[in-house]
Amino acid sequence: MLKNMEPREFQIKSGTVIARTPKEEDIPAMINLHHSCFPATMGTDEAWREDQLLSHLQIFEEGQVVLEREGKIIGVSSSLIVTMGRDPLRHHTYYGITDDGYFYNHDPQGDTLYGAEVYVDPACRGEGAGAVLYKIRRDLCKRWNLRRILAGGRLWNYEHFADQFTPEEYVHAVQDGKIKDPVMGFQLREGFVVRDVMANYIRDPRSKNYATLIEWLNPVYQQAEGVDRKVRVACVQYQMRKVSGFEDFAAQVRYFVETAGEDYGVDYVLFPEFFSVQLLSALGQMGSREGIRHLAEFTPKFCDLMSTLAREQGLHLIAGSHPVVQEDGTLHNEAMLFRPDGSFVSQPKLHITPSEKTWWGISGGNQLLVIQTPKAKIGILICYDVEFPEAARYLAEQGVEILFVPYCTDNRQGYLRVTKCAAARAIENQIYVVCSGVVGNLPDVPAMDIHYGRAVVFTPSDFEFARDGIQAESDPNVETMLVTDLDISDLYRSREAGSVTPLMDRRRDLFELKANLDTPLK
């Protein structure tokens with residue numbers, strides 16, 4: 001359903017305008033227009049940045065609209081879909097609801113279209129351009145069968161009345177026609193209802209940081225009944241054994257991906273951490289640090305293989321992990337997600353084990369990706385990363401529904417550390433956690449001689465799920481592929497009405513998660 005909006009013509013007082021989806025080359029003009037529309041806020045806030053507007057297009061292209069007249073952009077609308085939980089009219093901040101302006105929390109399964117921004121060239125106000133953008137937004141809400149539109153409305157003239165009225169009194173005075181507010185007056189004419197007033201919504205001196213919470217209910221909304229969001233995942237329990245070269249390795253990988261795609265119709269395939277180290281068995285004896293650098297030289301061929309297989313089978317392929325040399329010469333352990341179109345993104349391992357540092361000289365990355373795919377929002381934590389609850393909590397707060405964990409452990413204790421922590425992450429964050437590890441031996445490869453692995457898929461622990469919180473589990477230490485179906489709808493039923501609701505019941509007044517990440521959504 002995500003798509004470009006076909007260009008549409010509308011008549012306003014000054015002539016014909018064209019409404020269309022923005023393009024990347026429109027972004028400078030959009031930023032300049034935003035700056036000219038809200039000059040009073042620039043001292044405390046800022047105009048949209050290029051990376052934010054690119055993020056909007058990547059995440060929810062259909063929700064972004066520009067109005068063009070004679071080749072000039074005169075209006076912009078930005079929207080995202082959100083889930084508001086049990087209290088859809090709860091107070092929030094602009095920066096929270098838009099995920100600091102990046103829309104990472106866009107949820108295609110949500111029931112609320114959130115109006116993040118509408119702005120019109122000051123020279124064109126009063127001509128009907130804003131009404132066109134609001135009509136397009138209402139049409140979008142109906143097309144997606146969403147329950148409502150919510151937005152925060154600036155109290156545009158409140159700075160002039162703050163010594164006379166409380167914010168609530170100001171709203172009532174505008175509604176009664178005693179004073180004028182161009183923003184609220186327009187929103188009321190467009191059929192929105194003021195539900196509440198929110199403090200500290202946005203940094204805006206004109207509004208004294210206050211905003212109305214406005215709502216428009218979709219008159220043709222239909223409650224979906226019995227809708228299940230099923231996805232099928234496959235965990236490759238990959239056996240490490242000597243290969244003669246890259247072609248031998250590629251044949252083994254191709255077998256599993258083709259089986260997953262052609263025989264089982266899988267949506268996501270997960271390979272284990274460092275399964276590409278098998279390639280070192282074809283290179284002869286060398287030290288561990290020298291070997292890992294040689295392995296990194298296979299990166300282009302590795303990427304070409306995985307991209308081709310993902311494209312041929314039309315699935316998402318999480319290609320375990322592979323060493324990648326960075327621009328500064330350091331080495332990262334990266335998990336690459338290959339999409340059905342062959343494109344890919346890389347998630348670096350954040351927490352590096354003592355053995356990785358000692359034997360291979362690997363450094364930790366600083367990005368934690370939230371990846372929107374058509375069927376689910378996913379994240380990846382590589383092995384040791386899942387033993388740190390902050391990382392998984394951060395991803396869950398960004399809306400991740402399935403967490404993929406490729407791992408590589410040499411003994412049962414290591415396997416238990418990873419998988420017991422993975423089970424905890426599933427329970428405390430009410431998400432699915434999918435794990436896959438290597439098995440078998442590579443006697444001639446330093447630091448990769450023996451392995452213990454068992455593929456497993458964990459669920460929250462509640463009535464919606466398997467009795468022991470394990471959706472599926474393979475036999476240990478044999479080469480196989482674990483395939484199972486996950487119902488994303490079960491997660492949301494559990495989050496809203498489970499025996500316990502840990503995501504909702506967190507004591508945010510006592511504990512705060514602060515992330516210092518360089519994290520785009522891909």
Side-chain angles (χ1 to χ4, degrees), residues 2 21-22 27 30-31 33-35 37-38 41-42 44-66 75-85 87-119 133-134 136-137 140-141 144 146 148-155 183 187 192 195-196 198-204 207 209-216 368-372 377 394-400 508 513-515 517-522:
L2 296 176
T21 301
I27 288 177
M30 295 165 68
I31 292 173
L33 179 59
H34 188 262
H35 195 288
C37 289
F38 303 109
T41 65
M42 291 302 120
T44 53
D45 213 331
E46 58 183 9
W48 289 113
R49 297 195 304 273
E50 181 179 357
D51 59 340
Q52 292 171 322
L53 294 176
L54 281 173
S55 179
H56 301 174
L57 290 173
Q58 291 170 356
I59 294 167
F60 187 35
E61 195 172 46
E62 193 179 3
Q64 319 314 313
V65 181
V66 294
V76 177
S77 172
S78 300
S79 306
L80 68 156
I81 299 174
V82 296
T83 300
M84 300 300 289
D87 182 9
L89 302 180
R90 58 183 168 82
H91 285 200
H92 52 270
T93 68
Y94 183 80
Y95 312 99
I97 201 72
T98 65
D99 212 341
D100 211 24
Y102 287 94
F103 293 7
Y104 294 156
N105 55 323
H106 168 71
D107 180 8
Q109 303 304 315
D111 65 354
T112 299
L113 184 67
Y114 198 87
E117 192 73 275
V118 166
Y119 47 102
L133 292 171
Y134 267 56
I136 292 171
R137 186 176 279 172
L140 177 64
C141 181
W144 276 76
L146 302 175
R148 63 176 65 80
I149 301 174
L150 286 181
R154 303 166 190 259
L155 302 189
V183 172
Q187 291 165 337
F192 282 79
R195 297 300 190 189
D196 210 340
M198 299 182 290
N200 300 314
Y201 176 75
I202 195 169
R203 294 184 290 268
D204 176 21
S207 305
N209 300 342
Y210 286 99
T212 56
L213 175 59
I214 59 172
E215 182 184 42
W216 178 84
L368 196 49
L369 304 185
V370 180
I371 308 165
Q372 182 68 64
K377 187 178 285 189
Y394 173 85
L395 291 172
E397 288 192 340
Q398 307 309 308
V400 161
R508 296 176 185 269
L513 176 62
K514 181 181 178 182
L517 292 162
D518 181 14
T519 303
L521 184 146
K522 297 293 185 179

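These figures come from a predicted structure and were not determined experimentally. Computation of the quantities below employed the complete heavy-atom set of this structure, encompassing side-chain atoms and omitting hydrogens, waters and symmetry-equivalent molecules.
Partners of Asn209 by side chain to side chain donor-acceptor pair (under 3.5 Å), not counting sequence neighbours: none found. Applying the side chain to side chain contact (heavy atoms under 4.5 Å, CB included) rule to Val183 yields the partners Trp156, Asp181, Gln187; only residues at least two apart in sequence or on another chain are considered. Checked against side chain to side chain contact (heavy atoms under 4.5 Å, CB included), Ser207 has the following partners two or more places apart in sequence or in another chain: Arg154, Leu155, Asp204. With sequence neighbours left out, Tyr201 forms a side chain to side chain donor-acceptor pair (under 3.5 Å) with Tyr114. Under the salt bridge (Lys or Arg N to Asp or Glu O under 4.0 Å) criterion, Asp100 pairs with no residue, sequence neighbours left out. For the side chain to side chain donor-acceptor pair (under 3.5 Å) test, residues two or more places apart in sequence or in another chain that qualify with Glu215 are Arg148, Arg195. Remark: Ala199 engages Tyr210 in a side chain to side chain contact (heavy atoms under 4.5 Å, CB included) (not counting sequence neighbours). Every residue was checked against the side chain to side chain donor-acceptor pair (under 3.5 Å) condition with Arg90, not counting sequence neighbours, and none meets it.
For the atom pair Arg137 CZ and Trp216 CH2, the distance stands at 11.5 Å (nearest 0.5 Å). Atom NE2 of His106 is separated from atom CG of Asp99 by 12.5 Å, given to the nearest 0.5 angstrom. Between Gln372 atom CD and Phe60 atom CZ the span is 10.5 Å, to the nearest 0.5 Å. The structure places CG of Leu213 at 5.5 Å from NE2 of His92, a figure rounded to the nearest 0.5 Å. Expressed to the nearest 0.5 Å, how far CD of Glu62 lies from OG1 of Thr21 amounts to 7.5 Å.
Remark: the backbone N or O of Ala116 is paired with a side-chain donor or acceptor of Tyr94 at under 3.5 angstrom. Side-chain atoms of Lys377 do not come within 3.5 Å of backbone N or O of Pro108 as any donor-acceptor pair. Distance alone, capped at 3.5 Å, is enough to place a donor-acceptor pair between the Asn105 side chain and the Ile97 backbone. Here the side chain of Gln64 pairs a donor or acceptor atom with the backbone of Ser79 at under 3.5 angstrom.
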Step by step, would you call Leu33 with Val76 a side chain to side chain contact (heavy atoms under 4.5 Å, CB included)? CA-CA 9 Å; Leu33 179 59; Val76 177; 4.1 Å; yes

Report the C-alpha separation of Leu150 and Leu89 in whole Å, then their side-chain angles, then the decisive distance to 0.1 Å, and conclude whether the side chain to side chain contact (heavy atoms under 4.5 Å, CB included) test is met. CA-CA 9 Å; Leu150 286 181; Leu89 302 180; 3.9 Å; yes

What do the steps show when you test Tyr134 against Phe192 for side chain to side chain contact (heavy atoms under 4.5 Å, CB included), and what is the final call? CA-CA 10 Å; Tyr134 267 56; Phe192 282 79; 3.5 Å; yes

Worked check of side chain to side chain contact (heavy atoms under 4.5 Å, CB included) between Tyr119 and His35: CA-CA 10 Å; Tyr119 47 102; His35 195 288; over 6 Å; no

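Ring orientation note: the planes of Trp48 and His56 are nearly perpendicular, at an angle over 60° on the 30°/60° scale.
Listed by first and then second residue, the salt bridge (Lys or Arg N to Asp or Glu O under 4.0 Å) pairs involving residues 101-110 amount to none (not counting sequence neighbours).
Pairing each heavy atom of Pro22 with each of Leu57, the nearest pair is O-CD2, 3.8 Å. Scanning all heavy atoms of the two residues, the minimum distance from Ser77 to Leu133 falls at CB-CD2, 3.9 Å.
If you run side chain to side chain contact (heavy atoms under 4.5 Å, CB included) between Phe103 and each of Thr98, Leu53, Val82, only Thr98 comes through.
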